[in-house]
Amino acid sequence: MISKTVPFLDVHATYDSLRDEITKKVAAVLESGHYILGPECQAFEREFANFTGAEHCIGVANGLDAITLMLQAHNIGPGDEVIVPSNTFIATWLAVSMCGATPVPCEPKIGTNNIDADKIASLISPKTRAVIAVHLYGQPADIDSIKLSIGDKKILLFEDAAQAHGAKYKTKNVGSLADGAAFSFYPGKNLGAFGDGGCVTVNDVDVAKRIRSLRNYGSEKKYYHDVLGSNSRLDEIQAAVLRLKLKTLPPWNARRQQLAAIYQTKLRNIGDLCLPETPVWADPVWHLYVVRTAQRDKMLDYLKDQGIQCLVHYPVAPHRSGAYSGLYKNISLPIADTLSSQVLSLPIGPHLSTEQVDYVCDRISAFFR
Ligand SMILES: Cc1ncc(COP(=O)(O)O)c(C=O)c1O
């Protein structure tokens with residue numbers, strides 16, 4: 001087979017395929033003279049709420065702020081504990097820390113990589129205010145089992161859906177499954193802006209009102225500030241781009257699903273390679289296609305030599321990162337540690353060709369031969 005180049009994700013291709021529409025739309029926003037909290041943001045909020053099935057959507061500046069504001073809207077702060085997955089992007093933990101609360105790590109299930117609902121009950125203390133379930137790599141977490149573990153305790157359940165726009169849990173879209181959900185529109189996400197962006201989706205009208213105020217200097221009426229807020233708004237240009245790209249999200253997610261199916265078939269039973277496990281109730285959108293092998297670093301280098309760009313999500317678990325240095329030294333999180341040394345994300349994205357994915361499979365088979 002001739003050697004090729006396979007990028008991890010071709011974000012420029014997403015622009016190329018919508019170039020004319022995007023150019024027109026951005027020009028129209030610039031001409032309008034309305035750049036912050038205008039009609040594009042309002043329309044996107046309505047359309048994205050509709051897409052997720054939630055009652056309300058509040059556009060914010062990025063995914064980290066989305067989680068932070070969601071927690072702040074419930075007055076989660078110093079002295080409170082929030083249960084988070086031990087295996088996630090550090091933003092999930094940082095949002096809790098930004099509020100002054102303490103992240104309490106819960107190990108994932110090794111096949112699905114998502115939080116293990118059976119391990120939550122033993123982590124609940126009188127200080128526990130919330131659990132954040134991350135739909136990691138685009139695969140929905142087991143929300144019903146998490147709700148069962150929480151039982152009738154007064155503990156909130158939030159979704160970190162930053163990697164899972166359009167994923168379904170038992171026929172319902174993520175973003176409407178619990179007490180609130182946070183999304184990121186970072187450019188590489190399944191629904192990505194051309195800059196930073198994020199949003200919170202919620203069903204409760206009062207919580208939505210609080211988040212609207214918190215994202216805009218704690219203000220509902222210009223220059224009247226009722227609470228300590230921040231500046232975290234989704235600007236009109238990003239909102240306009242997101243409205244266009246929301247229309248392409250279903251076919252682009254479907255393409256990711258086709259490519260993941262090729263990996264699932266062609267990479268079965270090869271060496272010690274472990275493929276992602278998908279429960280029957282899960283309809284993932286494959287933000288990342290993450291395999292596991294004890295030979296991760298060797299395989300990464302080998303694939304690089306073959307022109308194939310892979311990444312590691314994530315090489316350092318949050319409890320091992322400098323940001324939390326020392327704080328979790330007495331806590332054992334063997335699954336998070338194993339994952340950080342073994343996971344490898346293969347190229348995936350709506351603009352990769354079948355031929356490129358076949359080439360990746362071929363080279364991986366050659367590596368294990
Ligand atoms: C699981 C998860 N949560 C939160 C975030 C934070 O999003 P942002 O980068 O938009 O702040 C990310 C971004 O990569 C993420 O992957």
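Side chains included, hydrogens not; waters and symmetry mates left out as well; all remaining heavy atoms used. In listed order, ligands and their atoms are each counted from 1. Since we're looking at a predicted model, the values are computed, not measured. Just so you know, residue 1 is the first one in the sequence shown, and it goes up from there.
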query: Could Lys247 and Glu21 be called an ion pair, given the rule that one side-chain N must be under 4.0 Å from one carboxylate O?
result: no
message: When you compare ligand 1 with Phe89, is there at least one nitrogen or oxygen pair between them that comes in under 3.5 angstrom?
response: no
message: Out of Gly192, Pro187, Ala91, Ala95, who is nearest to atom 6 (C) of ligand 1 when you count heavy atoms only?
response: Ala91
- request: Return a yes/no value for Gly63: is any of its N or O atoms, backbone included, closer than 3.5 angstrom to an N or O of ligand 1?
  value: yes
statement: atom 11 (O) of ligand 1 has as its nearest protein heavy atom Leu64 N, 2.8 Å
Flag for Asp142-Tyr169: side-chain donor and acceptor within less than 3.5 Å: yes
task: For the residue pair Trp252 and His351, categorise the inter-ring angle as parallel (less than 30°), tilted (30 to 60°) or perpendicular (more than 60°).
output: perpendicular
Distance from atom 9 (O) of ligand 1 to nearest protein heavy atom, with residue and atom: Ser184 OG, 4.1 Å
message: Does the structure place the NZ or CZ of Lys245 under 6.0 Å from the centre of the six-membered ring of Phe194, at an angle of no more than 45° from the ring's axis?
response: yes
- prompt: Are the side chain of Asp272 and the backbone N or O of Thr293 linked by a donor-acceptor pair below 3.5 Å?
  reply: no
message: Check this for me - ligand 1, Asp196, N or O atoms closer than 3.5 angstrom, yes or no?
response: no
query: Given His313, Gln163, Lys189, which one has a non-hydrogen atom that is nearest to atom 14 (O) of ligand 1?
result: Lys189
query: Is it true that the side chains of His34 and Glu236 contain a donor and an acceptor less than 3.5 Å apart?
result: no
field: Short N or O distance, Asp160 and ligand 1, threshold 3.5 Å exclusive
entry: yes
